[in-house]
Protein chains: 2
Amino acid sequence: MEPAFERAYPGTRKARKRQVLSCALACFDEMGVDAVTIDTIRERSGSSIGTIYHHFGNKEGLAAAIYLAGLDDQQAWFETALGDAKSIQEAVTAWVRAYLEWVVANPQLARFMYHSRRVVAAGTSKDQLKGRNDKRYGALLQFLETGLASGKVRSLPRETYASLLIGQAENYCRAWLSGRVPTPPTEHIDVFAGAAWRAIAADADQQKE
Amino acid sequence: MEPAFERAYPGTRKARKRQVLSCALACFDEMGVDAVTIDTIRERSGSSIGTIYHHFGNKEGLAAAIYLAGLDDQQAWFETALGDAKSIQEAVTAWVRAYLEWVVANPQLARFMYHSRRVVAAGTSKDQLKGRNDKRYGALLQFLETGLASGKVRSLPRETYASLLIGQAENYCRAWLSGRVPTPPTEHIDVFAGAAWRAIAADADQQKE
DNA sequence: TCTTGTTCTAGAATAATATTCTGTTATTGG
DNA sequence: CCAATAACAGAATATTATTCTAGAACAAGA
């Protein structure tokens with residue numbers, strides 16, 4: 001059972017709900033969201049139509065529940081990641097590492113979330129998503145500000161930093177999850193942490209100290 | 001009418017087919033693939049159920065036709081992009097520029113393709129997709145080999161180069177297409193071309209000349 | 001120009017699927 | 001123990017995808 005679902009819906013009372021979530025995720029992952037029928041999920045989870053609709057309202061609600069549980073799990077994962085970082089470079093490395101490790105630890109969920117952001121974004125309030133996202137990036141932003149002030153970080157359009165930091169790693173994770181490359185992202189932590197740092201680091205001769 | 005569809009299905013005889021493709025893409029883009037019904041597309045395109053199924057077989061076939069037309073259009077776009085590049089750095093810059101410009105020129109198609117790779121990958125033969133992809137990256141690979149030999153390019157795991165080159169730009173394009181950042185990617189060509197080059201460039205003291 | 005086979009168009013008929021509804025059974029709080 | 005609420009189940013209904021049949025437009029050879 002995925003830790004994300006245990007976290008989102010704990011207790012024996014919610015066991016059936018978790019069971020449905022887990023089976024639905026497996027189905028979505030194997031066949032793609034819109035190829036999966038409610039009846040397939042019902043059969044695989046040993047549940048019933050009524051139960052599924054009671055818990056999730058409709059198919060989109062089911063997808064949204066999976067997505068939001070995944071988002072919360074990621075957030076919890078990241079919250080500990082930056083714990084003891086002393087410098088911006090350490091923070092970036094820890095961040096990239098946490099990103100790659102979460103994907104490798106939750107491949108089905110990661111694949112689903114990459115492909116379904118849109119589905120959920122439509123149904124959920126934007127504020128809710130934005131709030132969670134801010135929390136995810138919050139700690140890193142502090143380091144970034146400091147780094148900018150000290151000249152360690154290259155001055156670039158604000159809106160591009162997130163892409164520069166995580167884009168390469170994300171692209172590789174997508175490739176791995178879809179089988180286009182064989183090596184798990186975690187084996188390239190150094191590569192992607194290094195690339196992220198070089199993407200935002202100032203040139204050597206521009207640093208102040 | 002999208003150039004991609006004119007290219008894929010030229011001639012007056014295929015006008016209806018293009019019309020359906022274009023309307024379907026607009027519907028998919030506005031409502032998400034699985035929220036769109038065949039009847040919506042029929043109504044919007046002023047066509048008929050029979051016509052749609054005659055041309056595309058089923059809904060997935062319609063999505064696949066859009067995807068493959070987009071892929072061919074991208075490929076044609078890229079084929080001219082590297083034309084007069086003299087060095088690996090110029091090639092990387094031209095490549096990133098072409099990538100960003102295509103996305104900005106074809107936002108609906110780009111959004112659709114980012115979200116539907118999986119849908120199509122299932123239905124289409126992998127060789128077909130791989131062949132097209134190889135062709136897309138082919139010219140750039142030549143430069144990469146040369147750059148590696150001369151020491152201009154950092155030695156890294158082969159499978160990571162593609163992600164290092166295009167990951168940041170792709171991430172920003174996705175963010176722009178989903179409204180999370182306001183500025184069109186083409187206004188940050190320098191940022192992303194520079195980042196791509198720094199991601200794969202060897203450190204100054206490691207170059208041979 | 002006719003005619004013959006093919007492609008395109010159309011919409012009614014059917015099949016598959018999502019969702020609602022009604023009733024039953026467990027669980028919790030008082 | 002007794003409501004009140006949540007969970008569960010599956011039949012009934014509504015929505016949507018797909019198939020089927022048939023006519024219209026078209027291309028190419030006689």
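Order of the sequence lines sets the chain letters (A, B, ...), proteins ahead of strands, with each chain counted from 1. Atoms considered below: every heavy atom in the structure, side chains included; atoms not considered: hydrogens, waters and symmetry mates.
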Under 3.5 Å: donor-acceptor pair, side chain of B:K17, backbone of B:I52 | no
Check every atom of D:dA17, C:dT27, C:dA18 against the side chain of A:R13 and return the nucleotide holding the closest atom.
-> C:dT27
How would you label the contact of B:V20 with the nucleic acid (heavy atoms, under 4.0 Å): base, sugar-phosphate, or nothing?
-> nothing
Give a yes/no answer on whether the side chain of A:T51 brings an N or O atom under 4.0 Å of OP1 or OP2 in D:dA9.
-> yes
Nearest-nucleotide pick for B:N58, side chain only, options being D:dA27, C:dT27, D:dT18 | D:dT18
Do B:Q19 and B:S47 have a side chain donor and acceptor closer than 3.5 Å?
-> no
In whole angstrom, what separates A:D39's CG from D:dA9's P?
-> 14 Å
Which nucleotide, D:dG10, C:dA18, D:dT19, lies nearest any side-chain atom of B:Y53?
-> D:dT19
Are B:Y114 and B:E170 close enough that some pair of their side-chain heavy atoms sits under 4.5 Å apart?
-> yes
Roughly how many Å is it from OH in B:Y9 to P in C:dC8, rounded to a whole number?
-> 11 Å
Between C:dT24 (P) and A:I49 (CD1): distance, integer Å | 20 Å
Report the distance from atom CD1 of A:I52 to atom P of C:dT17, rounded to the nearest whole Å.
-> 14 Å
Check whether any side-chain heavy atom of A:I88 lies under 4.5 Å from a side-chain heavy atom of A:W197, and answer yes or no.
-> yes
When you measure from the side chain of B:S48, which nucleotide among C:dA18, C:dT9, C:dT20 comes out closest?
-> C:dT9
Considering only C:dT7, D:dA11, D:dA9, which nucleotide approaches the side chain of B:H54 most closely?
-> C:dT7
Just how far, in rounded Å, is P of C:dT27 from NZ of A:K14?
-> 13 Å
Give the rounded distance in Å between these two atoms: CZ of B:R42 and C1' of D:dT16.
-> 13 Å
For atom CZ of B:F56 and atom P of C:dA10, their distance in whole Å = 14 Å
In whole angstrom, give the distance that lies between atom CG of A:L62 and atom P of C:dA18.
-> 11 Å
Should A:R16 be listed as having a side-chain N or O under 4.0 Å from OP1 or OP2 of D:dA9?
-> yes
Heavy-atom distance under 4.5 Å between the side chains of B:V92 and B:F143, does that happen here?
-> no
Between C:dC8, D:dA9, C:dA10, which nucleotide has the shortest distance from any of its atoms to the side chain of A:S47?
-> D:dA9
Taking only the side-chain nitrogens and oxygens of B:K17, find out if one of them lies under 4.0 Å from OP1 or OP2 of C:dT7.
-> no
To the side chain of A:T37, which of D:dA17, C:dT17, C:dT19 is closest?
-> C:dT17
Side chain proximity check, B:Q108 to B:E2, heavy atoms < 4.5 angstrom | yes
Give a yes/no on whether any side-chain N or O of B:K59 is located under 4.0 angstrom from OP1 or OP2 of D:dT16.
-> no
On DNA chain C, more 5' by nearest nucleotide between A:A35 and A:G50 is A:A35
